[in-house]
Amino acid sequence: MSESAEQQSTSRRLSADIIYRVLIGIALILLLFQGVVYVSYAINLINFPFDYDQGEGFELVDVMMFSEGEFPYANIETYPFYGSIYPPLYHVLLVPFAWLFGAEYWYGRLFSFVTTLISAGAIGYAVYQAGRNRTIALLAGLAFLASPIVYHIGPLFRQHISMVMFEIIGVVLLANASEIKNTSKRRRRLALGFIFLIAAGYTKQLAAFTAIAALAFLFIRNPRRSIFWGIGFAIVGGGIFALLTIGTDGHWWTQTVVANVKDFFPQQAFGLLRVWWEMHALLIVPAAIYVVYELYFDRISIYSLWFISTTVLSAMSAGTWGAGDSYYATSIAAFCVLSGIFAAKIIERNWAFYDNYLSRLFVHPLRRYTGQISNVGLMIVPLLYIGYALMTFHMPTSGAGYEQIADVFGISDNTGRNFHDPDGYTTLAYAQIGHFTTDEDIQNGYRIVDIIKAVPDDIPVLSEEAAFSLRTNRAVITNPVVLMILSWVNAFDSSELVGMIRNQEFGVIVLKAQFYPTDVLLAITEFYEEEQRIPMNGFSYMILRPRQMEN
């Protein structure tokens, strides 16, 4: 190459570097802003004293029961008709907080919020280990937090995001475990990885999808070793399952297995898949390209198998009743890792291609254009993250700072709750989450609390959400969704509960979504009448009192 040609090449490279730095700076600013929105949302929810998402209160009830040495997996056909469909680990981890602070929502939400930060950190670590680029690693972690799906569920008093954290850490630990030469170190790494996968499974059942990917990866790397560790994994996991089944007189099996066999709704499955794709396509595509690269030009990694397994199986399970966009959270973590590695390899130029017929056909002819391709890659990578930040962009449209930004850029409220969300509440799920709560929401919540306080202590109250009973130090009666699901599979006899309703033993009934078995709802309609409706958090809470019956 002549001196003039070298100068031109160097000049083009310098220009590309400058443009890259400007664009990557813009990507960082956009995704860091989404991080600020997420922190603001978390702080808002941590200070909200009532249920925000359907079922948060029952997660808190599970925590309180464990803190008192009781299982929440109990006989749902007798008073107080309470059961739980979720594994225990998330609740057990919160028991020390319950001992110190009692029944409060803030510590469960704070715990979940911190787990999302740990998850983002683990994603960034995985990307840095594979690509050795700190900026891309940071962008990959921020991209996880910026996803509206992760944002929605991140600070909730729900166990799902903690499951995702355990899954990510487990996968990262297992990623290179087979390559460790020292036998004792390799065994410790494998054991630790499987401990985290077991922890994920006993946080929420969906972690089975990640376990499948991990075992498949280990089998590809070393079949004998994978069989040995797979048997150990099954023994430990199965042993815990058996102990819980025996210790709860079989109610663990009924409520965590039978109650999770639910109807499939194709419209819901396709709707949630569309939401997942439309908001995340700019990182899904490079992740998929990287999977193809590994299949044909390198070794398949655990991250690729993880992405395939969790995406396909989550897409199927998201169609079941009660599922939501949260079912894609693990898939989002996987494509954030893969797209991050893809981006880092472009920036660092550290692709490796085995010499085969495909590399000779597609790769070798392009080698003379390596410089030009690298310069184009420098432009594409930050543009992908900028586009992703814009496709997933969400923020409040009111409040200090946010209102001014919304006015300047013409960002409109598309949720009816002073919030802009790319989903716009079209996930086909019941919950509407992501917006900020208001002082009015809190005041109206305490209006319901005051109504319940006025009921004499010896008269029970039936509330569809647990917060109102917890705030008045009353017994939490029923976990409605559990009753409804088990009634669908003829595993719940509602006779005693319906009898109490017919006898008008409840001083007040509070309904929100009316997620009770049909015969229970019919009895409520017949023997109770609506007194008023109180709005809170975008929903209308029905206050019912005993109907005056004719003799």
Side-chain angles (χ1 to χ4, degrees), residues 55-99 108 111-112 115 157-167 170 191-212 214-215 229-262 317 320 322 466 476 478-493:
E56 280 189 291
F58 299 113
E59 302 272 17
L60 179 53
V61 173
D62 288 0
V63 173
M64 298 311 298
M65 292 184 72
F66 277 116
S67 75
E68 295 166 0
E70 298 179 34
F71 280 115
Y73 319 106
N75 187 350
I76 59 169
E77 295 180 352
T78 60
Y79 185 88
F81 315 104
Y82 189 85
S84 176
I85 61 174
Y86 296 122
L89 184 58
Y90 174 72
H91 311 108
V92 170
L93 291 174
L94 293 175
V95 163
F97 294 94
W99 288 336
F111 184 91
S112 295
T115 63
F157 200 131
R158 304 302 299 265
Q159 78 294 338
H160 193 108
I161 203 68
S162 296
M163 174 201 74
V164 175
M165 177 192 69
F166 288 129
E167 288 176 296
L192 195 57
F194 277 110
I195 286 171
F196 273 95
L197 292 186
I198 290 172
Y202 280 96
T203 302
K204 194 171 182 179
Q205 298 93 321
L206 291 176
F209 304 159
T210 294
I212 291 170
L215 290 170
W229 283 95
I231 291 173
F233 179 73
I235 290 173
V236 174
I240 296 171
F241 190 95
L243 289 174
L244 285 169
T245 302
I246 295 169
T248 61
D249 295 326
H251 296 305
W252 158 262
W253 168 268
T254 302
Q255 291 166 28
T256 63
V257 177
V258 176
N260 280 285
V261 180
K262 297 170 284 191
S317 60
T320 58
V476 174
T478 81
N479 188 337
V481 171
V482 178
L483 307 190
M484 182 175 68
I485 294 172
L486 288 175
S487 73
W488 292 344
V489 292
N490 297 316
F492 171 60
D493 181 355

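Just so it is clear, the structure is predicted and the values come from calculations on it, not from any experiment.
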> Can you list the residues that meet the side-chain contact (heavy atoms from CB on, under 4.5 Å) rule with A98, with sequence neighbours excluded?
Replying inline: V63, M64, S67, Y107

> How would you list all residue pairs meeting salt bridge (charged side-chain N to carboxylate O under 4.0 Å, His left out) that involve residues 59-78, not counting sequence neighbours?
Replying inline: E59-R158

>> Rounded to the nearest 0.5 Å, what separates atom CD1 in I76 from atom CG in N479?
In response: 9.5 Å

>> Distance check, rounded to the nearest 0.5 Å: L60 atom CG versus L94 atom CG?
In response: 9.0 Å

> Hey, is the main chain of T256 close enough, under 3.5 Å, to the side chain of Q205 for a donor-acceptor pair?
Replying inline: yes

> If every non-hydrogen atom of F492 is compared with every non-hydrogen atom of S487, which pair is closest and at what distance?
Replying inline: CB-N, 3.9 Å

> Would W252 and F71 count as a close aromatic pair, with their ring centres under 6.0 Å?
Replying inline: no

>> Between L206 and S317, is the side-chain contact (heavy atoms from CB on, under 4.5 Å) condition met? List the steps.
In response: CA-CA 9 Å; L206 291 176; S317 60; 4.1 Å; yes

> Is P480 close to F58 at the side-chain level, that is, under 4.5 Å between some pair of heavy atoms?
Replying inline: yes

> Can you name the closest pair of heavy atoms from L197 and A214 and give their distance?
Replying inline: CD1-CB, 3.7 Å

> With a 4.5 Å limit on heavy-atom distance, are the side chains of F81 and N75 in contact?
Replying inline: no

> Name the one of T248, I246, T245 that satisfies side-chain contact (heavy atoms from CB on, under 4.5 Å) with W253?
Replying inline: T245

> Without hydrogens or angle criteria, can the side chains of Y73 and T254 be said to hold a donor-acceptor pair below 3.5 Å?
Replying inline: no

>> A side-chain contact here means heavy atoms from C-beta on lying under 4.5 Å apart; do Y86 and Q255 qualify?
In response: no

> Just how far is it from atom CZ of F66 to atom CG of L89, taken to the nearest 0.5 Å?
Replying inline: 9.5 Å

>> Minimum heavy-atom separation for V476 and A466, please, with both atom names.
In response: CG1-CB, 4.0 Å

> Where is the tightest heavy-atom contact between A259 and I85, given as atom of each residue plus distance?
Replying inline: CB-CG2, 3.7 Å

>> So, using side-chain contact (heavy atoms from CB on, under 4.5 Å) as the criterion, who are the partners of L243 when residues are at least two apart?
In response: none

> Could you give all pairs that pass the side-chain hydrogen bond (donor to acceptor under 3.5 Å, both in side chains) test and reach residues 195-204, with sequence neighbours left out?
Replying inline: H160-K204

> For Y82, which of L483, V61, T478 qualifies under side-chain contact (heavy atoms from CB on, under 4.5 Å)?
Replying inline: V61

>> Applying side-chain contact (heavy atoms from CB on, under 4.5 Å), can you list everything that pairs with L215, at least two apart in sequence or on another chain?
In response: F194, F233

>> I need the F196 CZ to M165 CE distance, nearest 0.5 Å.
In response: 7.0 Å

> With sequence neighbours left out, what residues match D249 under side-chain contact (heavy atoms from CB on, under 4.5 Å)?
Replying inline: H251

> So which heavy atom on P87 is nearest to which on G201, and how close?
Replying inline: CG-O, 3.7 Å

> Judged by atom type as modelled, is there a donor-acceptor pair below 3.5 Å linking the side chain of E56 to the main-chain atoms of F157?
Replying inline: yes

> Say you draw a straight line from CG of L93 to CD of Q159; how long is it, rounded to the nearest 0.5 Å?
Replying inline: 12.0 Å

